[in-house]
Amino acid sequence: MTRLLFWIALIILVVMAIRSKLRAAVAARGFDPHAGQGGAAPAGGTRPQARVEEVERMTSCAHCGLYFPASEAVHQGGQDYCCEAHARQPAASRIE
Ligand SMILES: [Zn+2]
């Protein structure tokens with residue numbers, strides 16, 4: 001009887017471990033865990049396949065030293081500036 005209980009407990013543990021691994025793998029792919037099981041995607045659905053996490057590169061203004069996203073930078077003379085006004089001023093007058 002004890003052996004039977006041991007095997008039942010072992011099987012339950014293995015099943016729980018496999019389900020946990022599957023859930024982690026699905027979450028890593030970015031799927032919604034509440035979307036249902038079986039992977040029956042609706043035809044023509046525009047559900048996002050994966051959440052794209054982009055890390056914005058930061059840069060500092062050559063004039064005032066402010067850190068801001070590089071996509072918002074004003075490029076002039078090979079340097080990044082936070083705004084047009086600072087781009088027009090020389091980098092040498094940077095506030096220390
Ligand atoms: Zn600036």
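Start at 1 and go down the list; that is how both ligands and their atoms are numbered.
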Contact summary for Val74 and Cys83, nearest pair of heavy atoms: CG2-C, 3.9 Å

2.8 Å shell around the Zn ion (ligand 1), exclusive bound, protein N/O/S atoms: 4

Tell me who clusters with Ile8, hydrophobic residues only, linked when side chains sit under 4.5 Å apart either directly or through other members. Leu4, Ile12, Met16

Are Val15 and Trp7 linked, directly or through other ILVMFWY residues, by side chains that come within less than 4.5 angstrom of each other? no

Are Phe68 and Thr59 packed together at the side-chain level, in the sense that at least one heavy-atom pair is separated by less than 4.5 angstrom? yes

Is there side-chain contact between Glu56 and Ser71, with heavy atoms separated by less than 4.5 Å? yes

Distance (rounded to the nearest 0.5 Å) between Arg88 CZ and Tyr81 OH: 12.0 Å

